[in-house]
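Proteins come first, then strands; the chains are lettered A, B, ... in the order of their sequence lines, and each starts at number 1.
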Amino acid sequence: MLGKYDYKQAEKRIAELWNKEKIYDFDEKSDKPVYAIDTPPPTISGRLHIGHLFGLAQHDSMVRYKRMRGYNIFYPIGLDNNGLPTEILVEKEHNVVAEKLGREKFIELVEKTKEKYEEEYKSVFHALALSVDWSLLYTTMSKDVRIASQLSFMELYKMGRAYRKETPTLWCPKDRTAVSQMELEDKSENTKFVYIRFDKDVEIATTRPELLPAIVAIFVNPEDKKREKLVGKMVEVPLFGNEVKVIADQRVDPAKGTGMVMCCTFGDQTDIEWYKAYNLELRMAIDDSGRMTVEGYKGMKPKEAREKIVDELRKGGYVLKEQEIEHDTKIHERCKHEIEFIVKEQWYIRYLDLKDELLRLGAQLKWHPEYMHHRYDNWVQNLQWDWGISRQRFFGIPFPVWYCKSCGEVRLAEKEQLPVNPLVDKPKLKCEKCGSAEFVPEADVLDTWATSSLTPLINAHWATDGKYMDKIYPMSLRTQGHDIITFWLFTTIVKSYLHTKKLPWADVMINGHGLDPHGKPMHKSLGNIIDAVGTLEKYGADSVRYWAASSNLGEEASFQEKDMTSAQRLANKLWNVAKFIDQNCKDFGGQPKEIDRWITARALYVLKDVTALFEDFNYAGAKRAAEEFFWFFSDNYLEFVKYRIYGKDTSANFTLGHVFLLTLKMLAPVMPFVTEEIYQNLFRDKLDKAVSIHVSAWPTFDKKWVDENSLKQGDAAQKVIEYVRQWKHNNKMALNAELAELVVSADLGDTAADVAGAMNVKKMTKGQGSQKIPDTDISVEITGS
RNA sequence: GGAGGCAUAGUCUAAUGGUAGGACGUCAGCUUUACACGCUGAAGGCCUGGGUUCGAUUCCCUGUGCCUCCACCA
């Protein structure tokens, strides 16, 4: 072992070693206890940034600890190509439009992205030392996953859990597609707030007068004394002449506008809530293409209709006031067109009746950190609607469903037909109700959460050969970010419960996010992305992992250059200690002395703490404790025994080797590369037989190695040395400057020799001195040369 | 509007019902046969107000500030 630690070439070489030795493979034949992890499949959308690495590194450190504890690790990896980001990526890369290419062909292309990006992701994850088993790779668009997703739907339908209902949905009239909340953007717009008088008591301010023909009710606040008498009355709508009822609801802000609101189906989200809550009439004024459907305005765009209606209202004397305001509207982020609400038939999973069950399951799950449980509870308690799982999109996993052309009855696919594309495939059987053989396919696709909520079942091969159901399900651990507790975590519990009546995992580990140096989330639009590959190359994986392990689980952490420096210093220090041992110790034999037993006992107490911290998913605390001990070990113990080493006395060798190996093992989960490099060079086949430190046994605390007397004398010796160091510093002496005599009151046993050796003292004497060491009952007398 | 988190030296951060630990930075000393990416020493800190307590940085309440998730924006 020579020169400095070169992490660039070491990390590369070691990654190859791990590959060759297959240390991450799940062993199907082993009878060791299984530890199975349900991991978040990253979206295939482009390049990874260090925010991604942050959570992954935290998870991996925990998994590495578990591996050293002797578990048979099932650590799969998925790639998510079932979603809008991948759809956009594929369309761009292949210069195609999904809808024109056809679903089958497009899915083929999407599956091909797996091959290309698998290599890219694999190289990044390998560089990070993510210890997943690549033979367990799945994609969320693969054949098996499509089967699982469709089978899940079919089972839920048969259970009576899946149903179809007309529902207002967010709709982009330009793209003629449903959009999700996530695809919305706010746009501030100058518009007119038009105050319309219905009658002498009813005046309403609105930004969307063109929806007047779609008005189905008028709302006032129940606390609004002025309007109390109006509640329950019918009011005539200007221009259109129909009558609508006045209803009291607390969602109305009495201070806004006139304090009265018209509810139109549908102008905004509140209209939808009211429509559902009060069972209001459905009166649509706008169609799929965003054009008016009302007589007299047919075919007009809403804005044109608005002008015309306001004009007519003015002429009729209904307009009291027009006020210019700035107003936020929702637009579709892709095409920037304004969003409307359109009514479509949608599939739902009925689960509101399961709230109590779901809360009970949430309470059974062991949350790390604990407080994340609140978010889940809060979400479940406030659920108001069933789970909408259909999306009016072209790309996605199709519903395995047709409808009978003559009676409309639902016709499910047969299990052996899966995966099925109803747009192309035909049902095997006739209509159960009327016997017709003519069917209309369901064109919608399943929401991506309907699929990703199955990851534990996907990993267990639930829908196909079921080969891992007994072995890994329920899984040991789910790892994920806190932002998707209400989506991924929640829906996974729902599905697992519905299909297996079980909680899908025992523990859940929720990570925070890695942020840019200013504490802002990394986003393409913010232009603050710190690239994963570049960072790993520049600083090495151990440094990036050190950064990730520096913050407590669940907390956000900004990327700091100084963490990289600290990590590199630690790696370098480890390397230098290794070099020192390598150069000076032929073997790890020798009879330990007092000070050796002292550091051994110290090390074991630290091991006890570190183990407990890891058991509590506190990789951050474990890393801190292990690191702190290492610096203590090298600045103290190593200095104390140097004189013996240089004097060809081998009595410290045993301890030096064992304690340093113990330290390396404690740091191995967080810094897998440098610890492995040292392990291979220094300890493999000498102190440990394992092919890799990462499959070596986690050390155990054994009381028999703790000698209380040595602990006491070693602590005293350490205090004395500390004091002498200070004394030499105050006297502007070099630390190895010779001292004629040192008188110490405490009983140092044979550690007195180490004090003399470390501090270059000619004569050690036991007795009272004139100087008292603070915070101890030890007194000393120091005589210079 | 609902929920959750955070507040500790110039910066990042740990633990804790009784003298608050570490890292970076700063200052000073030391070429000490692994390491100047080092060693040794020094200076420097608990957001406001109230409560519980013999004692609160820690527990409770309040305020303020910051962050996140969810909902909403006629």
Tell me: [atom1] of [X] to [atom2] of [N], nearest whole Å?
X        : N     : atom1 : atom2 : answer
A:Glu555 : B:A7  : CD    : C1'   : 12 Å
A:Asn221 : B:G1  : CG    : P     : 15 Å
A:Ile645 : B:U32 : CD1   : C1'   : 16 Å
A:Leu574 : B:G38 : CG    : P     : 13 Å
A:Ile510 : B:U68 : CD1   : C1'   : 13 Å
A:Asn576 : B:U33 : CG    : P     : 14 Å

Contacts of A:Asp563 and A:Gln568 projected onto RNA chain B by closest heavy atom; the upstream (5') one is A:Asp563
Residue set satisfying side-chain contact (heavy atoms from CB on, under 4.5 Å) with A:Thr486, at least two apart, ordered chain then number -> A:Trp379
What pairs with A:Ala578 under side-chain contact (heavy atoms from CB on, under 4.5 Å), at least two apart in sequence or on another chain?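 side-chain contact (heavy atoms from CB on, under 4.5 Å) check on A:Ala578 returns A:Met1, A:Phe660, A:Ile678, A:Leu682.
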- prompt: Any ion pair linking A:Lys226 and A:Asp201 (charged N to carboxylate O, less than 4.0 Å)?
  reply: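 Here A:Asp201 does not pair with A:Lys226 in a salt bridge, since their nearest N and O are not under 4.0 Å apart.
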Report which part of the nucleic acid [X] touches: base, sugar-phosphate, or nothing (heavy-atom distance under 4.0 Å, all strands).
X        : result
A:Tyr646 : base
A:Lys728 : nothing
A:Trp631 : sugar-phosphate
A:His482 : sugar-phosphate
A:Asn736 : sugar-phosphate
A:Ile485 : nothing

Compile the donor-acceptor pairs under 3.5 Å between side chains in residues 732-740 of chain A and protein atoms, sequence neighbours left out, one pair per line.
from: A:Glu738; atom 1: OE1; to: A:Lys762; atom 2: NZ; distance (Å): 3.3

Short N/O separations, protein against nucleotides 2-4 of chain B, under 3.5 angstrom:
none

Does [X] have any ring pair (Phe, Tyr, Trp, His ring centres under 6.0 Å) partners at least two apart in sequence or in another chain, and if so, which?
X        : result
A:Tyr723 : none
A:Tyr637 : A:Phe633
A:Trp367 : A:His373, A:Tyr376

Counter-base of [N], judged by Watson-Crick or G-U geometry with both distances under 3.5 Å:
N     : value
B:G4  : B:C67
B:U58 : none
B:A20 : none
B:G38 : B:C30

Note to self: Using the C1' atom as the point on both nucleotides, what is the distance between B:A7 and B:U13, in whole Å?
What the structure shows: 13 Å
Practice item. Could you tell me whether the side chains of A:Lys192 and A:Thr207 share a donor-acceptor contact shorter than 3.5 Å? Key: no
Under the salt bridge (Lys or Arg N to Asp or Glu O under 4.0 Å) test, which residues partner [X], sequence neighbours left out?
X        : answer
A:Asp6   : none
A:Arg283 : A:Glu281
A:Arg624 : none

In this structure, is the centre-to-centre distance between the rings of A:Phe629 and A:Tyr605 below 6.0 Å?
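They do not qualify: ring centres at least 6.0 Å apart.
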Under 3.5 Å, N/O pairs linking protein and nucleotides 40-47 of chain B:
from: B:U40; atom 1: O2; to: A:His729; atom 2: NE2; distance (Å): 3.4

Using a 3.5 Å distance criterion without hydrogens, assess whether the side chain of A:Asp271 forms a donor-acceptor pair with backbone atoms of A:Thr265. no
According to a strict under-4.0 Å criterion, is A:Lys579 in side-chain N/O contact with OP1 or OP2 of B:C37? no
Item checked: Under-3.5 Å donor-acceptor pair between A:Glu639 side chain and B:A34 base ->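 Between B:A34 and A:Glu639, which were checked side chain against base, a qualifying N/O pair under 3.5 Å is present.
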Collect all protein-nucleotide pairs involving nucleotides 15-17 of chain B in which both atoms are nitrogen or oxygen and the distance is under 3.5 Å.
none

